[in-house]
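Note that the numbering runs from 1 along the sequence shown for the chain. Basis for what follows: all heavy atoms, side chains included, without hydrogens, waters or symmetry-related copies.
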Amino acid sequence: MKLANPAPLGLFGFATTTWLLSMVNAGWLPGTSVPIVLAMAFAFGGTAQFFAGLMEMAKGNTFGFVAFCGYGAFWWSFALFAKFFGVGVPSAAVGWYLLVWGAFTFAMWIGTFSLNRALFLIFLALWITFLLLALGALLGMPELTDLGGYGGLITALLAFYLGMAEVVNEVRGRV
């Protein structure tokens, strides 16, 4: 039995959720838009991406398993924090949260060195995005958060491109 390619599901879940949140971070959408980001984070960014990771595990793809399950868990933790646990948390703690995810992303980026260039660029852009967002929170510099929003938009577009390429290649019978 041929298993479906789970990568497009994970990439689209990541891309669309990152896209929405980055529009808020870049100032394109007001902060009152965050509830729609949280809904997307629970459903598509978190759950669909996590399931894509489990499907990657079944295919024996350790990198895909760690990436999709890891970032699916990120979206769940982000949504839970923003909805239920964020009141009164100091900005420095948020900065460290983002910095820890940046460190995870840096390690994943190193793992892309022998993979395709699109994946390499996605993780590079995401690492820079996390770093900018973390520094914005740690240093109290909203302009870095804005830049992080733009970095997130670039990341989302790259992930969307790769997800689309995976679907098109699958439809055409190429892997």
J.: In the structure I gave you, are the side-chain heavy atoms of Arg172 and Val168 within less than 4.5 Å of one another anywhere?
T.: yes

J.: By side-chain contact (heavy atoms from CB on, under 4.5 Å), which residues pair with Ile154, not counting sequence neighbours?
T.: Ala125, Leu158

J.: Assign the ring pair Tyr71 / Phe130 to parallel, tilted or perpendicular, where the plane angle (0 to 90°) is split at 30° and 60°.
T.: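 Ring orientation of Tyr71 relative to Phe130: parallel.
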
J.: Can you name the residues that form a side-chain contact (heavy atoms from CB on, under 4.5 Å) with Trp127, not counting sequence neighbours?
T.: Thr105, Phe106, Leu124

J.: Kindly indicate whether the side chain of Leu135, heavy atoms from C-beta on, has any atom under 4.5 Å from the side chain of Met141.
T.: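 Side chain of Leu135 against side chain of Met141, heavy atoms only: no contact under 4.5 Å found.
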
J.: Is the closest side-chain heavy-atom distance between Trp101 and Leu133 below 4.5 Å?
T.: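 A side-chain contact is absent here, since even the closest heavy-atom pair is not under 4.5 Å.
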
J.: Identify, with sequence neighbours excluded, every residue that meets side-chain contact (heavy atoms from CB on, under 4.5 Å) alongside Leu132.
T.: Ile128, Leu144, Leu147

J.: Once you round to the nearest 0.5 Å, how far does CZ of Phe120 lie from CD1 of Ile122?
T.: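 Spacing of CZ (Phe120) from CD1 (Ile122) equals 12.0 Å.
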
J.: Please check this pair: side chain of Thr145 against backbone of Gly136, looking for a donor-acceptor N/O pair closer than 3.5 Å.
T.: no

J.: Determine whether Phe160 and Phe14 make a side-chain contact, defined as any pair of heavy atoms from C-beta on separated by less than 4.5 Å.
T.: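 They are not in contact (no side-chain heavy atoms under 4.5 Å apart), so the answer is no.
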
J.: Show every side-chain hydrogen bond (donor to acceptor under 3.5 Å, both in side chains) that has at least one partner inside residues 12-27, sequence neighbours left out.
T.: none

J.: Report yes if some heavy atom in the side chain of Thr155 is under 4.5 Å from a heavy atom in the side chain of Leu121; otherwise report no.
T.: no

J.: Tell me every residue that passes side-chain hydrogen bond (donor to acceptor under 3.5 Å, both in side chains) with Trp96, counting only those two or more places apart in sequence or in another chain.
T.: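 Trp96 satisfies side-chain hydrogen bond (donor to acceptor under 3.5 Å, both in side chains) with no residue once adjacent residues are dropped.
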
J.: So Phe74 and Tyr97, would you call those rings parallel, tilted or perpendicular, with 30° and 60° as cut-offs?
T.: parallel

J.: Using a cut-off of 6.0 Å, state whether more than 12 heavy atoms not belonging to Lys59 lie near its atom NZ.
T.: yes

J.: Quick one: CG on Leu162 to CZ on Phe12, what's the gap to the nearest 0.5 Å?
T.: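 Reported value, rounded in 0.5 Å steps: 9.0 Å.
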
J.: Under the side-chain hydrogen bond (donor to acceptor under 3.5 Å, both in side chains) test, which residues partner Tyr161, sequence neighbours left out?
T.: none

J.: Let's go through Leu21 and Trp75 carefully: what are the C-alpha distance in whole Å and the side-chain angles of both, what is the deciding distance for side-chain contact (heavy atoms from CB on, under 4.5 Å) to 0.1 Å, and is it a yes or a no?
T.: CA-CA 11 Å; Leu21 179 59; Trp75 285 117; 3.8 Å; yes

J.: Going by the side-chain hydrogen bond (donor to acceptor under 3.5 Å, both in side chains) test, which pairs reach into residues 113-123, not counting sequence neighbours?
T.: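 Every candidate side-chain hydrogen bond (donor to acceptor under 3.5 Å, both in side chains) pair involving residues 113-123 fails, so no pair, neighbours aside, qualifies.
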
J.: Please tabulate, for the side chains in residues 84-92, all donor-acceptor contacts under 3.5 angstrom to protein atoms that are two or more places apart in sequence or on a different chain.
T.:
{"residue": "Ser91", "atom": "OG", "partner": "Ala137", "partner atom": "O", "Å": "2.7"}

J.: Applying side-chain contact (heavy atoms from CB on, under 4.5 Å), can you list everything that pairs with Val100, at least two apart in sequence or on another chain?
T.: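 Counting only residues at least two positions away or on another chain, Val100 forms no side-chain contact (heavy atoms from CB on, under 4.5 Å).
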
J.: Would you name the heavy atoms of Pro6 and Ala4 that are closest together and state the gap between them?
T.: CD-O, 3.1 Å

J.: Hey, what do you get for CG (Asn5) to CG (Asn169), rounding to the nearest 0.5 Å?
T.: 9.5 Å

J.: Using atom types as modelled, flag every donor-acceptor pair under 3.5 Å from a side chain in residues 33-57 to any protein atom, sequence neighbours excluded.
T.:
{"residue": "Ser33", "atom": "OG", "partner": "Pro30", "partner atom": "O", "Å": "3.1"}
{"residue": "Thr47", "atom": "OG1", "partner": "Phe42", "partner atom": "O", "Å": "2.7"}
{"residue": "Thr47", "atom": "OG1", "partner": "Trp76", "partner atom": "NE1", "Å": "3.3"}
{"residue": "Gln49", "atom": "NE2", "partner": "Gly45", "partner atom": "O", "Å": "2.6"}
{"residue": "Glu56", "atom": "OE1", "partner": "Asn61", "partner atom": "ND2", "Å": "3.0"}

J.: How close do Ala134 and Gly95 get, heavy atom to heavy atom, and via which atoms?
T.: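 Heavy atoms of Ala134 and Gly95 come nearest at CB-O, 3.4 Å.
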
J.: Only pairs at least two apart or in different chains count here, so list each side-chain hydrogen bond (donor to acceptor under 3.5 Å, both in side chains) that has a residue in residues 132-143.
T.: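 For residues 132-143, and leaving out neighbouring residues, there are no side-chain hydrogen bond (donor to acceptor under 3.5 Å, both in side chains) pairs at all.
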
J.: Are Val24 and Leu20 packed together at the side-chain level, in the sense that at least one heavy-atom pair is separated by less than 4.5 angstrom?
T.: no

J.: Looking at residues at least two apart in the chain, or sitting in another chain, which of them share a ring-ring contact (aromatic ring centres under 6.0 Å, His included) with Phe63?
T.: Phe123

J.: For Gly70 and Phe104, which heavy atoms make the closest approach, and how far apart are they?
T.: CA-CZ, 4.4 Å

